[in-house]
Student: 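Could you have a look at this structure, given as structure tokens, before my questions?
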Amino acid sequence: MEVIVILLIIAAAAIAESLVYRFFGLKGLSYTAALNKSEVMEGDTVVLTEELSNRKPLPLPFVKTEIIAPALLDFNTQAKTSKEQLCYIPSVFSLKGREKCTRVRNIKCMGRGVFELGATSLYGGDLFGFSGFTMLTGVSEQLTVLPTPLNARDFEPGSRLFFGDIIVRRFICEDPFFISGSHEYTGREPMNSIFWNGTARAGRLMALNRDFTTSARVLILLNFQRRDDIIAAAPDTVCEVLIKAAALALDEAVRIGAEFALVMNMPEEEAPVVNSGEGFRLKQLRRLAAVKPDCDRGAAEFIDGISLGGYTDIVLITPTLSQDTANKLKGLQSKGLGVFVYSPKNEAEAEFCTQITRAEAREGV
């Protein structure tokens, strides 16, 4: 009889405890998760801080949250990856009454992209697991991972490189900073153009030659087409290398102080916008971070569809350089345009093509 009474008391206590957690488990409970940065470069580490707060006297022996994140964000765990390339990272908390728990996770960004991560709900229960409660958190963080430029050592430099100023036959004003030589002073030159060191050496009054210059204007063309006879994007491994090469071209354009524009062989691609500077480069990197490689036309048609007026240099980044595309570029080169091609395969054996030598680029083609 005493055993039955004891069992009934335990059962009544368990039921009472279960009811308490069912009705009061969510009271005073809050959860937040936030990243310390919203934009980083590929390979960088960001910090995700989870904070669970229990503001009531009732302790919470078991609370579980689950972070949903893309597989390209490495939490340094053994989490399984779904078919949608998502990982589910669990966190288990145990809190006393009126206690707050903070958990910090270091996340390494393994690839470029614009990602959403967060927790949609949390689950908790009583000490015996008889009762549970669920709370929708609605926590969502966006992270932009910008592509890193391909290392310069991954290229075999060609004979012609990017350049800043170009001498032209005539322009509105002389460039006061571009000196191309000296000539004998005629009396018509201003006094500030007298070349005193040359005057001392020549024994007669000499003046500086100032040329007319203009700035380089670089058009970067990013083509994802696998081959000329296939209107389809190259494998992902190749496209990722091409995107890194485009990031390198953007860096070089900023380094030399040139104006530049980036155009991709993508459906519904807008007309090129020309600008310069670090801010504009960052804007183009964000475009590259968000792009999903695709193509809707051949490389030759892609080049023909762009107005090349006003550009001094064309940089084509493509999975393979065919003979037809090379012939088209040679025609542009004969008109005075600087032509550069970066590609894993140089089928046309064109001299202006710099072959990307990274092993992952060759494997996927």
Side-chain angles (χ1 to χ4, degrees), residues 1-38 40 44-111 113-145:
M1 187 66 182
E2 293 179 356
V3 174
I4 296 175
V5 172
I6 293 172
L7 291 176
L8 289 175
I9 292 173
I10 294 174
I15 293 172
E17 189 250 11
S18 175
L19 291 174
V20 168
Y21 276 94
R22 178 174 296 179
F23 291 107
F24 298 102
L26 292 177
K27 185 177 180 181
L29 183 65
S30 63
Y31 172 79
T32 61
L35 292 167
N36 67 328
K37 298 177 183 178
S38 60
V40 294
D44 288 350
T45 299
V46 294
V47 176
L48 177 69
T49 303
E50 297 178 89
E51 185 176 283
L52 188 64
S53 178
N54 180 24
R55 297 187 297 276
K56 59 182 176 295
L58 182 67
L60 297 176
F62 171 77
V63 179
K64 179 181 178 181
T65 64
E66 197 169 54
I67 299 293
I68 305 173
L72 286 175
L73 301 181
D74 183 10
F75 282 74
N76 195 26
T77 63
Q78 300 298 321
K80 294 182 179 179
T81 304
S82 68
K83 293 181 180 179
E84 295 79 16
Q85 293 300 303
L86 294 175
C87 290
Y88 298 86
I89 316 297
S91 290
V92 178
F93 298 86
S94 181
L95 291 88
K96 300 176 182 178
R98 305 188 189 282
E99 185 179 34
K100 180 172 67 174
C101 181
T102 301
R103 184 164 295 163
V104 176
R105 293 181 177 274
N106 293 319
I107 308 170
K108 187 170 183 179
C109 304
M110 304 302 294
V114 179
F115 305 118
E116 295 282 346
L117 70 159
T120 57
S121 63
L122 61 82
Y123 170 80
D126 62 348
L127 184 61
F128 302 103
F130 294 145
S131 179
F133 54 86
T134 303
M135 181 178 75
L136 299 177
T137 64
V139 174
S140 180
E141 290 283 291
Q142 180 170 294
L143 176 65
T144 300
V145 181

Student: Could you grab the distance from atom CD of E99 to atom CG of L60, nearest 0.5 Å is fine?
Tutor: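 CG of L60 is found 9.5 Å from CD of E99.
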Student: Do the side chain of R98 and the main chain of R55 share a donor and acceptor less than 3.5 angstrom apart?
Tutor: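 At least one qualifying donor-acceptor pair exists.
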Student: Restricting to non-hydrogen atoms, name the atom on E141 and the atom on A33 that form the minimum distance, rounded to 0.1 Å.
Tutor: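 Heavy atoms only, the tightest pair is CG-O, 3.7 Å.
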Student: Per the side chain to side chain contact (heavy atoms under 4.5 Å, CB included) rule, which among L86, V46, I89, I107 passes with L117?
Tutor: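 It is I107, the one option of L86, V46, I89, I107 that forms the side chain to side chain contact (heavy atoms under 4.5 Å, CB included) with L117.
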Student: Which heavy-atom pair separates G111 from V145 by the least distance, and what is that distance?
Tutor: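 Smallest heavy-atom distance, with atoms named: O-CG1, 3.2 Å.
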Student: Do T77 and R105 pair up side chain to side chain, a donor and an acceptor below 3.5 Å, judged on atom types alone?
Tutor: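 There is no such pair between these side chains.
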Student: Identify the two heavy atoms, one from T81 and one from A71, that lie closest to each other, and give their separation to 0.1 Å.
Tutor: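 Between these two residues, the closest heavy atoms are CG2-CB, 3.8 Å.
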Student: Using atom types as modelled and distance alone, determine if a side-chain donor or acceptor of T137 lies under 3.5 Å from a backbone N or O of Y31.
Tutor: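 Checked: no pair found.
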Student: Rounded to the nearest 0.5 Å, what separation is found between the CD1 atom of I68 and the OG atom of S140?
Tutor: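 If we round to the nearest 0.5 Å, I68:CD1 and S140:OG are 9.5 Å apart.
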Student: Quick one: do F93 and L122 satisfy side-chain contact (heavy atoms from CB on, under 4.5 Å)? Show the steps, please.
Tutor: CA-CA 11 Å; F93 298 86; L122 61 82; over 6 Å; no
Student: Taking all heavy atoms of P61 and all of S94, pick out the closest pair and write down the distance.
Tutor: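 Scanning both residues completely, I find the closest heavy atoms to be O-OG, 3.2 Å.
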Student: Would you say N54's side chain and K96's backbone share a donor-acceptor pair under 3.5 angstrom?
Tutor: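 Checking the backbone N and O of K96 against the side chain of N54, a donor-acceptor pair under 3.5 Å is found.
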Student: If we only count heavy atoms from C-beta on, is the V139 to T65 side-chain gap below 4.5 Å?
Tutor: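 Counting from C-beta outward, V139 and T65 never come under 4.5 Å.
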Student: If you look at every heavy atom in L95 and C101, which pair is closest and at what distance?
Tutor: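 Taking L95 first and C101 second, the nearest heavy atoms are CD2-N, 4.1 Å.
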Student: May I ask you to check whether N106 and K108 show a side-chain donor-acceptor distance below 3.5 Å?
Tutor: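 N106 vs K108: no donor-acceptor pair found between side chains.
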Student: Which heavy atom in L29 sits nearest to a heavy atom in M135, and how many Å separate them?
Tutor: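 For L29 and M135, the tightest heavy-atom pair comes out as O-SD, 3.7 Å.
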Student: What's the spacing between L73 CG and F115 CZ if we round to 0.5 Å?
Tutor: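 Reported to 0.5 Å precision, the distance equals 5.5 Å.
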Student: Go through the steps for I67 and E50 under the test side-chain contact (heavy atoms from CB on, under 4.5 Å), then give the verdict.
Tutor: CA-CA 10 Å; I67 299 293; E50 297 178 89; 3.7 Å; yes
Student: Got a second to check how far F62's CZ is from F133's CZ, nearest 0.5 Å?
Tutor: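 That separation rounds to 9.0 Å.
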Student: Is there a side-chain contact between L143 and V40, using heavy atoms and a 4.5 Å cut-off?
Tutor: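 Side-chain contact under 4.5 Å: yes.
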